[in-house]
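In what follows, a single structure is set out as structure tokens and then discussed.
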Amino acid sequence: MPRYDASKSEPFWQDAWARSGTFTARRDDAKPKYYVLEMFPYPSGNLHIGHVRNYAMGDVVARYKLATGHAVLHPMGWDAFGLPAENAAMERGIHPEGWTRDNIANMKAQFARLGLSLDWSREFATCDPDYYGHQQSMFIDFLEKGLVYRKNAVVNWDPVDMTVLANEQVEDGRGWRSGALVERRELTQWFFKISDYSDELLSALDTLDNWPEKVKTMQANWIGKSRGLQFAFGLVDAPEGHDRIEVYTTRPDTLLGASFVGISPDHPLARQLEQDNPDLAAFSAECRKMGTAEEDLEKAEKRGFDTGLRVRHPFDTAWELPVYVANFILMDYGTGAIFGCPAHDARDLEFARKYGLPVVSTFAPAKDDGSALPEDGGDAYVPPKTEPVIYVRGFAGDTEQTGNDAIDAAIAFCEENGVGRGVTKFRLRDWGLSRQRYWGCPIPVVHCDACGVVPERKENLPVRLPEDVSFDIPGNPLDRHPTWRDTPCPACGKPARRETDTMDTFVDSSWYYARFTSPGAATPTDPDEAAYWMNVDQYIGGVEHAILHLLYSRFFARAMNECGHLPDKAREPFDALFTQGMVTHEIYTNKLFGPGYSGKKTIPTNPEASEKAWIRSSVEKFFFPEDVVSFSHEGKRMAVLKDTLEAAGRDPQNIEDLVDQEREDEETELGVLVIPSAKMSKSKKNVVDPGTIIDQYGADTARWFVLSDSPPERDVEWTAAGAEAASKHLGRVWRIAEAASDAPDTGKGDDALLREMHKAIHDVTMGIESFGFNTSVARLYAFANVLQKSQAGRAARTQAARTMAQLMSPMTPHLSEEIWRLLGGEGLIANAPWPQADPAMLVEDEVTLPIQVNGKRRAEITVPKEMSKEDVEARALATDAVQKALQGGSPKKVIVVPGRIVNVVV
RNA sequence: GCGGGCGUGAUGGAAUGGUAGACAUACCAGACUUAAAAUCUGUUGGGGCGUAGCCCCGUGUGGGUUCGAGUCCCACCGCCCGCACCA
């Protein structure tokens, strides 16, 4: 028999599947339907090994569901709009569409080699005018339903490139290309009214039983429902038009600890004051010279500007508080104004200490643990709201109560006394969808001097992107494209201008799952097909999408439902969600100047060496795996450059030579630092190309590797050794199958093998059902070990080997088909029904119980499975170890957990 | 900064609150071979002792709950992900 040759087998079976149409989704009312979807990729040009892991997982589910008698929908497409295409266009003078289409073609060819059970007849890209045309028509539907509106919002503005920057294009407050300091600028932009659904999006999380808890928690925190008090501080000597400052607080119980009022630089009062206060104007301008990312604001040093204005405390009009304009207060949150209570908020405390403002505790720990109060230099005291505390300056409710009770009491008190009202607010902001870019879905509205903002007529959709554009001038090409931009008003027919903003790419990915149910429909969805295929039974993707993509999709499904594009049951579109971990790979970086050097970039003491190091680092911050020799020494991963090793005449095979080289490099500061488990990226030179792996070992090996070892939700480290091991095992499986087929026809059975087979069926099935692919793989290793050693005759071993092939088929479909054919399986293994475990074969007659004495294992006994608790206890007490421990006395307590353990307490 | 997660042998990891280390990698030893590769077999958490056996320690660190904790609770340390214009 020839060795198994993946390079011949894999294309053969891929062709066989395609010809038989095995993976074409078909409605079949005799079967339950199953819709499995993996997050579609951005067509960056190359599939990376992380994609392989994502799609291999989805494929296991899809193939398993097919084998268990489901009508399976398993589609694939392309999330094709986005910034990288425009960046490529600018850098290389090419067109974003050409670049994108080329990348799609490349990646589709790479997909084909993986042997995934995808229904390619449903493929589309979000940059297809057909797809984005339907998106435009839904935008108009949403507009009619009042789910879209316009308002001002700030963007990152690059004053040199005269363009809007994405957050990722801002580095240390500067534009990534121009290096200019970024400014915040207000533009009128389109928003989806996702905030209308805040409560529903939050409460419906409870119905998502098959979503990871962590994702639901993250979404709940993001939506951020809070109950608080909204009230106003009256201004002393109020300037024109501003007699009060509205604030919202979630901690009204700390009102008597207030020491200042802070307002956003964008607050109307701040804006008015800066008119005739140049210092304040300068301060506010400084605040606006910051990126829009929340992270930047939060990390920035807290700064304020004393306006000189004062407000009266609502409980005591003689008590006045200063009003600051502060850089950490966002106009978008609450009312754009807060009161600061330094004793119970770390940020307010930092601010108060900086500006010498009073710090007054309103409550203290119920149990004095000796730590200093905030007014005595201690940390801000912010206990969980469920913890009882002593109110030293409370004004409502009991002296000792929880934060929650005190807040309720405070709101009630304030309402009774007419100081304010209790309100529920959400952190969730409306979804700004406008992007000042070319490569996205055009927003289908027209601006007319006479009629205002008018939606495009549906019969004119899609509003196609013009193809004749160039990227040699900064800014959005749509803005300067007169023949595209100038268009008659759909309402009055007079000359008007198209909206030149395009949509956020999150819009594209918020409904693709629905389009897959009827990709050719003349409307966004075909109601009948959507009713059949929705919901997505299993959605699989990266945890990095835990909040935005999934929240936006949940919103979109609701909005689509209200416009008649999705059935009621699809308002919550993903029944089950699985978030898989990344595939990582260690990186080899320059010790002195690479990242991860603990941030301590020490000044080198040896000037000559440092210069060399600098020269190298300016050329290479990272090294390719093939340019280094990596090794482990005293539990540390180390690496040296092949070049330096060779120059020094050292042997790369000799560990001592390697260690010597490493020491020497240390002294000359030319060392290579190994950082394990780094996210793959081109710039870090640690990307593993699936193509290379498939060339070397075949797709089955790549698939088997990414599914083995690590639990799917956790990151997996790509190692050459791991891939090698996967390949070896698949070779062994093939030899086991051959041996079974060649075994003498003795008719000899093997009871142990049969039991192992049924256990394997059970455990592998459980593993797949519960996304424990790594444990399924481990079980298959164990089964292979037993089968390999079996002395049974041909029939028994063939049956076992065929079952093994079936159990492996969702993971290694090509090899499994080959074995299936070798062992006389009927038709394609992909169509064969999933094997069933016989429950009778799973139970053991006897169990071995560990005997513990005071929780430590001291002996074990083997007893019949059905033995009574009393008998087990007697047997356990009779063991030497227990007798020894008892020393003639009697046990204090004996715990018998049937079938599990016996614990004797002495 | 805020929110979420993770931490177990040399390595990836397994373990409904019930024998920690399944399965695999790596290493070592053996078989086969002129040799190597491939393949097959076996050993391997650390330490100790009176070494057919037994004892002690051990799941990032420190506490706690429990007859019993890798698992639950609290605090800390380290790493990873998200933070609304990357996708």
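A note on names: the letters A, B, ... follow the listed sequences, proteins ahead of strands, and every chain is numbered from 1.
The closest donor-acceptor contact from the side chain of A:Asn156 to the backbone of A:Glu168 lies at 3.5 Å or more, if one exists at all. Of the possible polar contacts, one joining the A:Asn103 side chain to the A:Pro43 backbone as a donor-acceptor pair under 3.5 Å is found.
When heavy atoms are screened at a 4.0 angstrom cut-off, A:Ala726 is found touching no nucleic acid atom at all. Counting non-hydrogen atoms under 4.0 angstrom, A:Gly224 reaches nothing in the nucleic acid. Nucleic acid contact class of A:Lys856 (heavy atoms, under 4.0 Å, all strands): sugar-phosphate only. When heavy atoms are screened at a 4.0 angstrom cut-off, A:His545 is found touching base atoms of the nucleic acid. Within 4.0 Å (heavy atoms only), A:Gln189 reaches at least one base atom of the nucleic acid. Here A:Phe506 lies in heavy-atom contact (under 4.0 Å) with a base. Contacts of A:Leu428 with the nucleic acid, taken as non-hydrogen atoms under 4.0 Å apart, include base atoms. Within the 4.0 angstrom heavy-atom criterion, base atoms lie near A:Trp222. Residue contacts for A:Lys302: at a heavy-atom cut-off of 4.0 Å it reaches no nucleic acid atom on any strand shown.
Residues A:Gln788 and A:Arg732 bring a donor and an acceptor atom of their side chains to less than 3.5 Å of each other. For the residue pair A:Ser195 / A:Asp430, a side-chain donor-acceptor distance below 3.5 Å is found, with atom types taken as modelled. Using a 3.5 Å distance cut-off with no hydrogens or angles, the side chains of A:Asn774 and A:Ser708 do not pair a donor with an acceptor.
A:Lys216 has a carboxylate O that lies under 4.0 Å from a charged side-chain N of A:Glu213, or vice versa, which qualifies the two as a salt bridge. The pair A:Arg779-A:Glu756 meets the salt-bridge criterion, with a side-chain N (NZ, NE, NH1 or NH2) lying under 4.0 Å from an Asp/Glu carboxylate O.
Taking side-chain N and O atoms only, A:Lys789 has a distance below 4.0 Å to OP1 or OP2 of B:U41.
Within 6.0 Å of atom CG in A:Asp880, 12 or fewer heavy atoms from other residues, nucleotides or ligands are found, so the atom counts as exposed in its surroundings. The environment of A:Lys884 atom NZ is sparse: at most 12 non-hydrogen atoms of other residues, nucleotides or ligands sit within 6.0 angstrom.
Secondary-structure stems of RNA chain B, taken as three or more successive Watson-Crick or G-U wobble pairs (i with j, i+1 with j-1) under a 3.5 Å distance threshold, comprise B:1-7 with B:77-83, B:10-12 with B:23-25, B:28-31 with B:39-42, B:45-49 with B:53-57, B:60-64 with B:72-76.
Using cut-offs of 30° and 60° for the angle between ring planes, the A:Tyr552 and A:Trp431 rings count as parallel. Between A:Tyr539 and A:His549, the angle of the ring planes lies from 30° to 60°, which puts this pair in the tilted group. Aromatic ring pairs are classed by plane angle as parallel below 30°, tilted from 30° to 60° and perpendicular above 60°; the pair A:Trp734 and A:Tyr4 is tilted.
Considering only the side chain of A:Val164, B:C85 comes nearest among B:C81, B:C85, B:C83. Closest to the side chain of A:Arg858, from the set B:A84, B:C85, B:C55, is B:C55. Side chain of A:Glu294, nearest nucleotide from B:G1, B:C85, B:A87: B:G1. Distance from the side chain of A:Glu295 is smallest to B:C83 among B:C83, B:U41, B:C85. Each of B:A14, B:C85, B:A84 was ranked by its minimum atom distance to the side chain of A:Pro711; first place goes to B:A14.
Between B:C6 and B:C72, the two P atoms lie 9 Å apart (nearest whole Å). When the C1' atom is compared between B:U16 and B:G70, the two are found 15 Å apart, to the nearest whole Å. On the P atoms, B:A26 is 30 Å away from B:C79, given to the nearest whole Å. With both ends at atom P, the span from B:A20 to B:U59 equals 12 Å, rounded to whole Å. Nucleotides B:C27 and B:U34 are separated by 27 Å at their C1' atoms, to the nearest Å. Comparing B:U71 with B:G64, their C1' atoms are spaced 15 Å from each other, to the whole Å. B:G21 and B:G45: their C1' atoms are spaced 8 Å apart (whole Å). Taking atom P on both B:G5 and B:U25, the two are 34 Å apart, rounded to the nearest angstrom.
The heavy-atom pair separating A:Trp439 from A:Ala85 by the smallest distance is CD1-CB, 3.3 Å.
Rounded to an integer number of Å, the gap from A:Met503 CE to B:A84 P is 22 Å. When rounded to the nearest whole Å, the span between CD of A:Glu186 and C1' of B:C85 equals 16 Å. Atom CH2 in A:Trp99 sits about 11 Å away from atom P in B:A87, given to the nearest Å. A straight line from CG of A:Asn103 to P of B:A87 spans 15 Å, rounded to a whole angstrom. Atom-to-atom, CD of A:Glu298 to P of B:G82 comes out at 17 Å; the value is rounded to the nearest Å. One interatomic measurement links the two molecules: CD of A:Glu168 to P of B:A87, which rounds to 7 Å at whole-angstrom precision. Atom P of nucleotide B:U66 and atom CG of A:Asn854 are separated by 15 Å, given to the nearest angstrom. Distance CZ (A:Phe773) to P (B:A14): 14 Å, rounded to an integer number of Å.
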Treat primed atoms plus P, OP1 and OP2 as sugar-phosphate and everything else as base, then score nucleotides 15-29 of chain B 5' to 3': B for base contact with protein heavy atoms under 4.0 Å, S for sugar-phosphate contact only, - for none. -B-BB--BSSS----
Pick out the pairs of N or O atoms, protein on one side and nucleotides 5-7 of chain B on the other, that lie under 3.5 Å.
from : atom 1 : to       : atom 2 : distance (Å)
B:G7 : OP1    : A:Arg714 : NH2    : 3.4

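Proximity of A:Val543 to A:Met218: side-chain heavy atoms (C-beta onward) are separated by under 4.5 Å at one or more points. Looking at heavy atoms from C-beta onward, A:Arg177 lies in side-chain contact with A:Asn87 at the 4.5 angstrom threshold.
Closest-nucleotide positions on RNA chain B for A:Gln788 and A:Val904 were compared, and the one nearer the 5' end corresponds to A:Gln788. Comparing A:Pro84 and A:Ser708, the nucleotide of RNA chain B nearest to each residue sits closer to the 5' end for A:Ser708.
Taking syn as a glycosidic angle within 90° of 0, B:G9 qualifies as syn.
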